[in-house]
Structures are given as C-alpha cells and as structure tokens.
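Quantities reported herein were computed from a predicted structural model and do not represent experimental measurements. Below, chains carry the letters A, B, ... as their sequence lines are ordered, and counting in each starts from 1.
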Amino acid sequence: MSAKTYSAKDVESKWYAHWMEKNYFHSEPDEREPYTIIIPPPNVTGVLHMGHMLNNTIQDILIRKARLDGKNACWVPGTDHASIATEAKVVKKLREQGIKKSDLSRDEFMTHAFAWKEEYGGIILKQLQELGASCDWERTRFTMEPELYKAVIKVFVNLHKKGKLYRGLRMTNWDPAAQTVLSNEEVIHTEENKNLYHVRYKVAGTEDEYIVIATSRPETIPADTALAVHPDDERYKKYHGRKVIVPIANREIPIIADDYVAMDFGTGALKITPAHDMNDNALGEKYGLEVIDLLNPDGTLNENAIEFVGMDRDEARVEFVKLLKKTGDLLETKQYRTSVGRSERTNAVIEPRLTMQWFLKMDELAATALNAVESGDITFHPASMINMYRSWLKEENVRDWPISRQLWWGQRIPAYYYKDEIFVAETAEEALAEARRKLPAENLTMDDLQQDEDVLDTWFSSWLWPMSVFDGWKDSKELEYYYPTNDLVTGWDIIFFWVARMIMAGYEFSEELLGEAFAKEKGKMPFRNVYFTGMVRDEKRRKMSKSLGNSPDALELLKNYGADGVRFGMMRSAAAGNDIVFDAPIDQKTGKVLNESELCNQGKKFCNKIFNANRLIQSFEQSDKAPDPVTILAGKWLDAKLNHTVAETDRLLGEYRISEALSLLYNFIWGDFCSWYLEAIKPADGKLSKETYDFTISAFERMMIILHPFMPFITEEVWHELRERGEGEDCIVSRWPEASAYDAEIVKTFSVLQDIVSSTRDIRNQRKVSHRDALQLFIQRSDASEALLGATAGAKEFLMKSGVLSTVELTGDTPANALPFLVGNDKAYLVLNETIDRAAEAEKINAEIARLEGQVKGVEKKLANERFVANAPEAVVALERKKLADWTAKIESLRAMV
RNA sequence: GGUCGAUUAGCUCAGUUGGUUUAGAGCGUUGCAUUGACAUUGCAGAGGUCACUGGUUCGAGCCCAGUAUCGACCA
C-alpha cells in the first residue's frame, strides 16, 4: 500500500511535465467552438505575488472547465514591457556596471535592455507553471516583440490619419526622477504633512499695504503671474483691478477675482503660477496670464528663478524661505495635511509641468466603451462594477490620453519633424516620401527629418492585447477564430487603465481588421465577460505589496502547501469583486510575514483526504458476492447526490460563483462521499462486491473530473489510480460528466436517516456512552416511520451500521431506561443501560415545547391574517399550513414523551 | 468636497429576482473519541436583536429613506 500521506511536490511536477509533453495546453483553430482567455500580461519585471495567484487560478479554472466541456480552449500568456519600471531596472543595472545611460546611444541602450529582458524577464511565466496554469505556452507573447511593436506603430499611424491624435503643450504630471510624463492614473495621491507659508505681497502704488497669500511652494514665487482672491471676499474688495509686487522678483502682477478661490483656506488669497499648478494653469488660460516656467526637466531651477539657479526644487524651497524671512515678507509658517501626488514607479513628488505631448482624443472612444457595457455586449461580474466603470468614462470625467513617454524602452513614436511640419508614417522612408510630396521644393533627405524622441505609453501596447496576440495586424486568420475572446479576469484597480482601453481598441479596430460582416455577426467587443477579482489584503486590510513587505512569498506557499493547496486556499475565500483578506500571519517578533496560511493548509488537507479515500477503496478486495442492502441504498443516494452536484457545479461556474462551486465540491467529497458513503459501504471482512466497487470507482472518477479545474494535480493523480489508463487518456482531457435526472426522494429519505444517526451520536456524547457499544433503537410506529423503515430497502441496516445499533424496531410502547428524541414528527427511543433522570429530561423537552409553541403562534397569526392568505402565492400559504401541522404534531409527540 | 461600496457568529466571509420549520460556511472555541483510509482524523456542542431609526409590503438580512461607523476610488 502507498504512503499514508499525499506528497504534492512529486505529483505536481510529474503531471505538469506530462501535460506539456502531450501538448494539451496548445490550441489551433479547428471546427470546435473556441473558448479563449488572454492573460492580463504581467509586468516583465514582475515576480509572482498573491494577486497573480488569485487571478491566474481563476483563469485556469475557467480554461480547464472549457477544455473538459470539449471546447477548443486557448489561454494566451505573455508579458508587457513596462516602460518605466523596466527602463529603471536596466539603468540601475548599467550603473552598477559603471555605465551611464547618457553615455549610450539609443540603439546601444536598447541592446542592453533586450539583453536584460532575456535574462530576467518573464520569470513570472515559469512561476505560473508551478501554480498549474495551463497556458498555451507556444503562444507566449511580449508587447515589445517585433510583431506587436509593428501593431502599435500601425495603430498610431491609423489614429493619426483619423485625426484622433494631436500634439500639444499641456499641463502634465512630470516625474522628475524618471524625467517623463505620467498619466493621472500613474500618480498616487496620499495625505502628507506640508508647510503652508504666509507671504506678503505689497500692493503696487502703496507704501505699507500688503496682501498676504498662503502657499506651499514659495520657490515658485518668481513664476507668479497673478494674485487671486474671491470676488465676494470683503477683505480684498478694495483691491480689485489693482496690482501687487512679487517679492524677490519685484515684478508687478494683476490681482484677479475668481470664485475658484476658497475664502476660508489659508488667507483667502492665492498666488497664481500657471506653469506649475494644474488649477493655476486653468485660471491662467481663463484670464490670459503670462506663463513663466522656472523648472528644468530634472526638477532643478532654471534661470527664470532669479535666485538659486540650478538648485533642486526641494532645497530651493528651504533657501527661498530663508530669503523671505530675511526680507521680512514671510509672516507665518503653518503645518497642514494635504494630498501629495507621487510617481507610482519612482515615488518622486510629481511636478505639474507644461510639456509637448502626443494625446489621443478620448471623447468618442469613451462613449463607445461605456455603451458596450451598458448595452450588455460585455458583461461585468460582479455587475456592480459598472458603477466604477461609468464614473471613469462619463463625459465630464474623461480626459484625453497623453501617450508619449520620455523614455527609450518602448515603441518609438513614428512622427518625423521638419521645421514646423509633422509627418507620421510607419517607416522613416514613408515619412520622407510624404515630406517630399508635400514640400517638393525643399529637396529633403533622411537627415532633414527628426524622429520624435519619445516612446509610447505601455498601455498603448496592452490595449491592443486581445487582437495583437493573434497577430490581428498581420493577417486575420487566427483572429477570425478566436475573437471576440470569452472571459477576461483582472483586478478592478485597472478597470480604466486597461479594461476600458481594450474595449475602446476593440470597437475602434476589430471591424477594420475583420470586416463589417464579421463585426455584425460576432460583435466588436474584445471579450464577452469581465470577471473582476478583489485585491488581496493582509490582516490589517492593507493591499499586499512588495514595498510594504506584507505579502507572503508565493513560491514558498506553493512549496509548503502544493499548488492544489494554494489554489484551494485562494479560491475558497474569493467571491467575485470582493477583496480577500488573506490569512498569512505576521511574526510578532520580526514583523515579517510568515509563509503560512490556514486556508492553504485546508486545501492541503483536502488533497490528503482524497488521496486516502482512494487508498481505502484500493484496499478492498473485490468479490462475487451480491451487494448488501446498505450498499445498495448508499449507492442510490450517492448517485443522486453526485448528479445534483454536477448540475450545481455547472450552474455555479456558469454564474462565475467559483468560490461557491469549490465549497460545494469540498462538502460533497469530504462529507457525503468520504464520511457517509464510504463509511456505509466499508465491509467488515474487507470484501466488496464487484458491482459496488465498479460504481464507487465510477463515481469517484466523476468527482475527480469536476474537481479537476480547481485542483488539477491531485485529481489527475487519483484519476489515474482508479483504473488502468491508455495512452492519451488523462483527466485533463476527459469529458465533463453529464448531470442526469436523479431521485430527489432518496435524498430526502436519506437525510432523515442521517439525522437519526446524528441524534444517536449526540445522545452518546451527552451520556458518555462509547461509540462501540451497540444500542437498541425503537421508533414509534406511524405511517411515516413505516414508510421510512419498511418501504426503504436497507434503511434499517444502514442505521444499525452507521449508528452502531443492535436493534432498530418500530414499536407502540415506551421502553424503559430510554432517552427520547424526534424522528420527523415521531417519537424515537434510544435504550441506555442506565437509569434516566426523568425530571431533567422533562425540563429539556418542555423547553423545546415552549419554543415550538412560540413558532406555532407566529404561523397562526400569519394564517389568521386575511390579507396574507389572499395575497401570498398559494405555495407560500400551503407551506405555512404545513409548518403549522408539522409543529403541532411535534408538540404532541413531545408532550407524550414527558 | 464628489462618487461608489460595506456593516450578518470571536475572526474572515456567503446569503443568487423579498416567502423553505431554528439565517449558513471555514477558521477559532468546548467536550468526547486513538492503532482499522486519513490526528493533515472522526463525532457532537456552544456561539447571531443580520449597525441603528423609520418606511414600503400580507411578509424584509434582502427593497426605499435617513443616521452612525468603516473602506475604496476620484478631486
């Protein structure tokens, strides 16, 4: 006989290698119905974390279920190039080697970057294999590989031709560390302490009249071009239309009155610096103010600053404060909490800055994308996520998308400049040709054209993912088969970043790639369903993140509990959309996260339970004897339960209630199959009839198939143990069992029998009677009890075996020395070899009678209510009548016991 | 400040269009059980005014309004 405990490690590596060797994960278009998932491409710099495990477990469950359903299942994996993050890593590595980015040419840098990617990139994909992910690895894509690079360039040119791209000077979020523009979504706002400085500005034409402003950024004073107050503010009304003198700069600037100013914040007066504040910039446009830019791209002050030129903005702030103190213009310094924006990637404080950028017009795209979900073309799970989606995409919130990034690692913008002319084309040659057509007199050569130095935002690659991974921009053959994809599984935190933009791209390009007829027939959406996972949080509800160090090591968890165990642990507590609080405890001494988890351990135990169930079955000897009545009854019941479970699992998975489906299977396999069925058929002599053996194997086999999507390794292992299997026969590619009609009556009857067994066990526990002492059970003779014991073959024998009873008889008498309990509405007596404390028992029974009488009162009141009887559906009224009858009968039986 | 969501057992959470006797699960907890598939086990128990107030309804954990607390996203 095999070892007593299940060892996940060997089993998992064995079967993963086997599946790979058999190429089961690979998909090619054929005549079957496709089922497609594209992976949310993890960052190429990434390592597996809890979020990935949650997300990819769900995808693997869906894809394995589809495979078992006989569909052509295709799960496309890949990574994205993560412009900023990767470039930062490469720059850092080069620096360690003594190489500065500024010493390299663009091409040289790219060579280093690709080398880095080859060496370190995509570790995460290997780690996904340890989780059991059945991705089609032959289809692994990367957003910077040549074909996908080309797609991005084509899309840029396409959008430019349509007039959806423009270049403009805009207030943007500037990351001075990475020296690039970020989109709003890449800026993280948090509350931080800052100083608010009160600085006086002399009113022009006066000797001693000042307006005191409050600012957190005194270093930008030289860039002030106005002072603003609220029009209704009595304190400042007399100054409307006049001017003040900027301290240090000694320039006159106008006083403007605008209700943007909050009267109760600071002093009610604001300095306006259009070059360095988003809101000030808006005011500047409104009043036609001058724009003075005093920052260099790296965050140091330029010559417009007058003082401290070349100094970093933070140091300069300190120096300006000193200077203002000296001149007497600084009156007060106050601390306050305010929201500070920092770069998601570099953590540098974001500088609002005017820069020349490429933008994508979003109004039409956003309206289309919003409609795609509101019209039901795309369904969100959970549906409530549409609220967040709507708030992102509604007209008043949508902003044009700045798509340039001042980096090298990415698709270089295919825009070529000559003086004031811009030529956008897929290649430099085409751009030159276009330039020559437009400016024939200039005799242009390649050297006259300057290509844009910037690359495109990474999301500008990944928004094409559902189409680009099938090489949609090369030819439409594969796209025609796999598009639209079925399910997208992702976190709600990138609902706008990525989900919305993929929907935009789908509606913008799919018809161009696939033709009008295709779009009409199958739709333009990139996917039909979006399943939003929650965020994985720690005990303190903080999002698990690398920087906080509050996440357990995913690989350690896999090592400790096995992939099946971890998958179980993740899924058991993961209702769609709801955040999951992962139970990884924190070591009080070190403050470090332990790589432990009760949830995963439960999964590991479940594997062991299944493993041992098989050991038990294999330990039975098969014989020719006819099956006994208990076995026949238990078999009928299990068959009904199994059919019910298959149907329920189908239903729950269809509704994306994955967590519930797993709970159902856990309870069925552990509770119904192991605890009740196997105990019922367990033969005293170790010999099992062949018929029972065959049925048990067949049922167990079906259980392994329906559990397979959730826990692929243990199920594959046990499935192979159950029978001799031929070449190419594997659980992963078997067929999902069909749920046939089943006998619901047997389930009800059996559950009454189970209740009787539970009652006898309870009485044994209470009276401290050993489980091994066989007791006598008498049940009051009635129509119901006759039907239960008389008409159900094997019922009596089942009670004797599972309840450890020597006698089970119907009776009209009240046996002595017996403890009574209820079976349905009938009295039952368990005979004990001891004297019963009648008074104590009577007290208990009377308490139960009182409780039931309370309930009866409630129902009587309900039934006495004419409006209830008149308005409620007949079935509901009938049910209430049945309750009343049942309870009354019970009370009667209980009274008779006292 | 705006928007969205949450509040159910000690903890973490389910509870699918309002109606199924006593509102469920896992963990934790209490008691009992030890060589027999599995102590990674088995059996049983205790534990809840479904945040609060009001409304709609024959009927509310579920729908509506308000209050409180918490959270998230946006500004």
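Using a 4.0 Å heavy-atom cutoff across all strands shown, A/Gln766 reaches no nucleic acid atom at all. Residue contacts for A/Thr5: at a heavy-atom cut-off of 4.0 Å it reaches a base atom on one of the strands shown. Backbone-only contact: A/Lys883 has heavy atoms under 4.0 Å from sugar-phosphate atoms and none from a base. Within 4.0 Å (heavy atoms only), A/Cys607 reaches no atom of the nucleic acid at all.
Rounded to whole angstrom, the span from the CD atom of A/Glu880 across to the P atom of B/rG19 amounts to 12 Å. Residue A/Asn608 contributes atom CG, which lies 11 Å from atom P of B/rG42 at whole-angstrom precision. Between the CD1 atom of A/Ile386 and the C1' atom of B/rC73 there is a distance of 17 Å, given to the nearest Å. The CZ-C1' distance, from A/Phe673 to B/rA37, rounds to 11 Å in whole Å. Rounding to whole angstrom units, CE of residue A/Met385 and P of B/rA72 are separated by 14 Å. Atom pair A/Trp676:CH2 and B/rG42:P shows a separation of 13 Å (rounding to whole Å applied).
Rounded to a whole angstrom, the distance from the P atom of B/rA46 to that of B/rC52 is 24 Å. Look at the P atom in both B/rC70 and B/rA60: the space between them is 30 Å, to the nearest Å. Comparing the same atom, P, in B/rG45 and in B/rC63 gives a spacing of 33 Å after rounding to whole Å. Nucleotides B/rA9 and B/rG15 place their P atoms 15 Å apart, quoted to the nearest Å. Straight-line distance between the C1' atoms of B/rA75 and B/rC58: roughly 48 Å, to the nearest whole Å. Atom name P, nucleotides B/rA6 and B/rC13: the rounded distance is 13 Å, in whole Å. With both ends at atom P, the span from B/rG71 to B/rG47 equals 32 Å, rounded to whole Å.
Place A/Ser663 and A/Phe606 on RNA chain B by their nearest nucleotides, and A/Ser663 ends up nearer the 5' end. Nearest-nucleotide mapping onto RNA chain B: of A/Asn871 and A/Arg657, the residue sitting toward the 5' end is A/Arg657.
For the 3.5 Å distance criterion, the side chains of A/Arg353 and A/Thr172 fail to qualify, holding no donor opposite an acceptor.
A close approach under 4.0 Å does not occur between any side-chain nitrogen or oxygen of A/Ser758 and OP1 or OP2 of B/rC43. Taking only side-chain nitrogens and oxygens, A/Lys605 comes nearer than 4.0 Å to OP1 or OP2 of B/rU41. OP1 or OP2 of B/rG5 has at least one side-chain nitrogen or oxygen of A/Asn387 nearer than 4.0 Å. The phosphate of B/rG42 has OP1 or OP2 within less than 4.0 Å of a side-chain N or O from A/Trp670. Distances shorter than 4.0 Å separate some side-chain N or O of A/Lys682 from OP1 or OP2 on B/rA37. Not one side-chain nitrogen or oxygen of A/Arg772 sits closer than 4.0 Å to the OP1 or OP2 atom of B/rG42.
Judged by distance alone, with hydrogens and angles left aside, A/Lys4 brings no side-chain donor or acceptor close enough to the base of B/rC38 to form a pair under 3.5 Å. In terms of polar N and O atoms assigned as donor or acceptor, the side chain of A/Glu679 comes within less than 3.5 Å of the base of B/rA37 in a complementary pairing.
Formation of a donor-acceptor pair under 3.5 Å by the A/Arg572 side chain with backbone atoms of A/Phe568 is not found in this model. Between the side chain of A/Asp564 and the backbone N or O of A/Ala8 there is no donor-acceptor pair closer than 3.5 Å.
Salt bridge absent: A/Lys559 and A/Glu596 never bring a charged side-chain N and a carboxylate O closer than 4.0 Å. A/Arg881 and A/Glu860 are not joined by a salt bridge, as no carboxylate oxygen comes within less than 4.0 angstrom of a charged side-chain nitrogen.
Only one option out of A/Thr379, A/Ile658, A/Asn55 pairs with A/Tyr531 in a side chain to side chain contact (heavy atoms under 4.5 Å, CB included); it is A/Ile658.
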